[in-house]
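Read the structure below first, then the notes.
Naming convention: chains lettered A, B, ... in sequence-line order (proteins, then strands); numbering from 1 in each chain. None of these values were measured; they are calculated from a predicted model.
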Amino acid sequence: MPLEFSKFLKKIGVQVVVGRWSFQVEAMDRGKFSDEFIERSAVIYLTEEFGKANGFKEGDVVRVSSGNKSVNLKIMFTDVAPENGAFMPNSIYTSYLSDFSNFKRFNATLEPTDDDVTKPEEIMQKVLSKI
Amino acid sequence: MPITPMEVYKLLPKTNCKKCGEQTCMAFAFKVINREKQIEECSPLFEEKKYANQKEKLLGLLEPLKEATETGLIVDEERCTGCANCIVVCPVHASEDPYGSGSGYGPKIEDPIYRLEDGVLKIINVKKCRRYGKNRILCVACRENCPSDAISFLEG
Amino acid sequence: MHVCTGCSCLCDDIDLKIENGRISRAYNACRRGAGIFLNISSSRAKPTIDGQQVDLERALQKAQEIIQDSENLAIYGLDTTTLEAQRLAIELAEKKEAFIDDNSTFCLGDFVEMILKKEIPSTTLEEVKNNAYVLFYWGTDPYHSLSRHLSKFTYYPRGGKRQRGYEEDRFLVVIDIRKTHTAKLAKKNARFLKAENDADIIRGFIDALEGRSPKIFQKEIPRILKEMEKGGFNVIFGGLGLKYGLGGDYALLKEMIERMNERSEVYFMPAGCHPNMRGFNELLFEKTGHVNRYSFREKRSSDDFAFHRLLKNDSADTALIIGSDPLNSLPLEYAGKLSEINTIVIDPRETFTGRVAKVTIPSALSGVESGGTMIGADGSRVELNPVFEAEINDEYILKKLLEVV
Ligand code: SF4
Ligand code: SF4
Ligand code: SF4
Ligand code: SF4
């Protein structure tokens with residue numbers, strides 16, 4: 001197996017701001033168990049500048065961790081993301097990563113991964129198995 | 001990407017023969033972009049074989065002009081959230097539909113320029129747009145008030 | 001004309017084209033709103049018990065049994081249903097001496113409470129359209145959460161005294177931690193203030209009002225205040241960013257609004273997205289003097305009665321969830337506990353919470369398949385005009401549950 005360059009990229013820390021995203025809300029009405037929901041929810045938005053400066057391309061999957069919880073999300077670029085941080089639409093993904101004290105803004109780390117994007121069912125399993 | 005008059009000019013015969021009714025090829029190029037002249041009005045380009053190559057390139061270059069509405073207006077529905085800023089801000093709607101679109105509601109006239117259909121912006125009657133026709137002015141109000149750049153004009 | 005229940009704007013100018021009994025086109029609604037009308041048949045919930053599909057009758061009966069046997073019932077959600085259904089839910093809570101709470105506890109309930117208690121002056125969107133000059137959007141991105149807010153009520157429409165359009169007759173101020181889509185609109189005759197700390201900006205305004213130079217935005221804040229004096233009628237729309245930015249301490253905010261009002265009229269309005277959150281807050285307030293987090297057994301409201309706290313502290317043995325999906329919207333550590341207790345979900349669509357619930361009961365989409373009344377963000381009542389009339393709606397189901405208590 002060829003060595004993958006991405007493996008050598010280091011982890012970066014960012015503050016994630018959570019908010020509404022019309023396109024994601026629309027996907028909720030189409031169905032929370034639809035592919036479209038995952039496509040529009042399992043996403044972390046960065047500015048193109050910040051993303052590229054850290055070696056990320058649009059469409060890369062990254063492991064986003066907060067505390068001892070992590071999910072794999074797809075990177076998308078938008079000019080409305082915080083300059084040196086990230087934006088996520090609120091959904092089961094942010095509910096999993098955040099807590100009440102940091103519900104709308106939380107700190108997370110991003111690192112490259114070769115795994116697929118996490119599905120909502122996988123999050124539910126993780127949570128339920130702990131209870 | 002807006003098409004520039006220079007790009008069009010470069011592919012014209014550049015003889016300033018005036019057959020198109022313009023004084024110069026450059027003037028003609030401007031009018032083609034603004035849709036006041038049709039490229040076919042440059043008869044040498046279509047009649048003389050030596051320009052065949054240039055003609056093909058020009059027609060290709062001008063292709064998007066055909067797809068866009070006659071004012072060069074393009075809406076990217078994928079980016080549109082249906083906020084209706086563009087509809088309400090439009091000065092034509094304000095004067096012709098003051099109690100509908102001009103006041104923030106859905107249109108109360110039959111043929112507004114724009115309206116929201118299935119959650120996104122649709123062009124209904126572009127003829128009313130101020131960028132259209134003889135006395136046109138370079139209005140950009142709708143584009144300027146779309147936060148996600150869903151509206152663009154071919155001529156920039 | 002139909003009413004869209006996609007957000008607290010409750011737009012009442014939605015036109016629909018119906019073909020062969022189906023909605024084939026939606027006019028005038030935004031992306032979010034149109035999605036509700038056009039996707040009515042997607043991801044609809046089914047009656048289930050322990051994840052197995054059953055008859056509706058069986059599911060209803062099971063829910064009745066659970067409610068009957070419950071000792072510590074918690075009722076939650078309710079912000080997407082009608083006043084009529086909310087009233088029944090409150091009645092059920094009262095009879096069962098239950099806890100009752102809605103999304104407003106982590107959304108904008110605090111703001112609504114200050115308004116209902118008359119601690120801060122508020123107004124209606126109609127007044128805003130006709131009179132307002134300076135418009136603050138503070139910690140909210142209406143482009144995504146209340147898509148038609150600026151075009152239908154605030155910045156763009158002409159109305160009353162404001163006939164000359166936004167460039168002359170309105171002044172936009174957007175305050176947010178990032179340059180949102182709404183913030184991008186702050187161009188001419190407008191300001192965008194990037195808020196690292198909301199309290200610091202409030203202090204800046206108070207300083208300037210007291211004649212001191214503000215520590216931040218030295219140029220912008222005095223200019224905005226001057227515009228406010230010029231306009232005479234101004235409004236601040238506060239969103240979740242402001243609420244969480246202030247960490248629950250609103251003394252400064254109230255002081256700022258009070259001081260501002262010494263110079264010009266300034267109103268405060270919540271910019272929250274749930275269509276009938278204010279309705280629930282008002283109903284509970286009328287009955288108990290509190291807007292949310294209420295225990296009918298203890299006859300008081302407390303942080304401990306917030307739905308997520310009840311789950312965290314194992315205070316409820318049964319949860320009745322109406323039109324909400326805590327697994328999607330509340331920190332999952334707590335929401336996950338719904339799988340351990342007797343959870344009943346009433347919802348028109350499939351939800352994550354439904355997947356872990358004991359019982360799910362499919363309901364009707366308010367505004368599309370069932371009528372009633374809602375209260376928009378500004379306190380005005382809106383009568384829904386549904387396209388279809390489904391027999392089984394939230395009201396019907398709640399009445400069934402009330403039969404056994
Ligand atoms: S007809 Fe063609 S070649 Fe002649 S002046 Fe016009 S553009 Fe130039
Ligand atoms: S360019 Fe001006 S006139 Fe034409 S649609 Fe846009 S706002 Fe209206
Ligand atoms: S302003 Fe932009 S996003 Fe809003 S309706 Fe018009 S095109 Fe769509
Ligand atoms: S702004 Fe809100 S109420 Fe109006 S159409 Fe959009 S979702 Fe519906």
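- Annotation: cation-pi pair B/R131/B/F153 present, NZ/CZ under 6.0 Å from the ring centroid and within 45° of its normal.
- The contact list for residues 93-103 of chain B toward chain C, using heavy atoms and a distance under 4.5 Å, reads B/A94, B/G102, B/S103 by residue number.
- Expressed to the nearest 0.5 Å, how far CG of C/L172 lies from CG of C/N189 amounts to 9.5 Å.
- The contact between C/S24 and chain B is made entirely by backbone atoms, counting heavy-atom distances below 4.5 Å.
- With no hydrogens or angles considered, a side-chain donor-acceptor pair links C/T154 and C/Y137 at under 3.5 Å.
- The choice from B/N145, B/V89, B/L121, B/V120 that makes the most heavy-atom pairs within less than 4.5 Å of chain C is B/N145.
- Side-chain polar atoms of C/D13 and C/N28 form no donor-acceptor pair below 3.5 angstrom.
- Between the C/N328 side chain and the C/T351 main chain, no donor and acceptor come within less than 3.5 Å of each other.
- The existence of a salt bridge linking C/E196 and C/K194 is confirmed by a sub-4.0 Å separation between a basic side-chain nitrogen and an acidic carboxylate oxygen.
- If you tally non-hydrogen atom pairs under 4.5 Å between each of C/K17, C/R148, C/K184, C/R158 and chain B, the highest count goes to C/R158.
- If you measure heavy-atom distances from C/K152 to chain B, the contacts under 4.5 Å come from both the backbone and the side chain.
- Checking side-chain atoms of C/N234 against main-chain N and O of C/L135 turns up no donor-acceptor pair under 3.5 Å.
- Ranked by heavy-atom pairs under 4.5 Å with chain B, the first of C/Y27, C/F153, C/Y155, C/F37 is C/Y27.
- The side-chain tip of C/K187 does not point at the ring of C/Y166 from less than 6.0 angstrom away and within 45° of straight on.
- The contact list for residues 10-24 of chain B toward chain C, using heavy atoms and a distance under 4.5 Å, is empty.
- Considering only heavy atoms from C-beta on, C/L240 stays 4.5 Å or farther from C/T140 through its side chain.
- When atom types are taken as modelled, the side chain of C/E369 and the backbone of C/S366 share no donor-acceptor pair closer than 3.5 angstrom.
- Under 4.0 Å is where a charged nitrogen must lie from a carboxylate oxygen, and between C/E19 and C/R25 no such pair does.
- Between chain B and the residues C/C30, C/G33, C/A34, C/G35, the largest count of heavy-atom pairs under 4.5 Å involves C/C30.
- A salt bridge links C/E227 with C/K230; the closest basic N to acidic carboxylate O contact falls under 4.0 Å.
- With a threshold of 4.5 angstrom between heavy atoms, C/H144 approaches chain B through side-chain atoms but not through N, CA, C or O.
- Two residues are said to be in side-chain contact when any heavy atoms from C-beta on lie closer than 4.5 Å; B/E41 and B/V32 fail this criterion.
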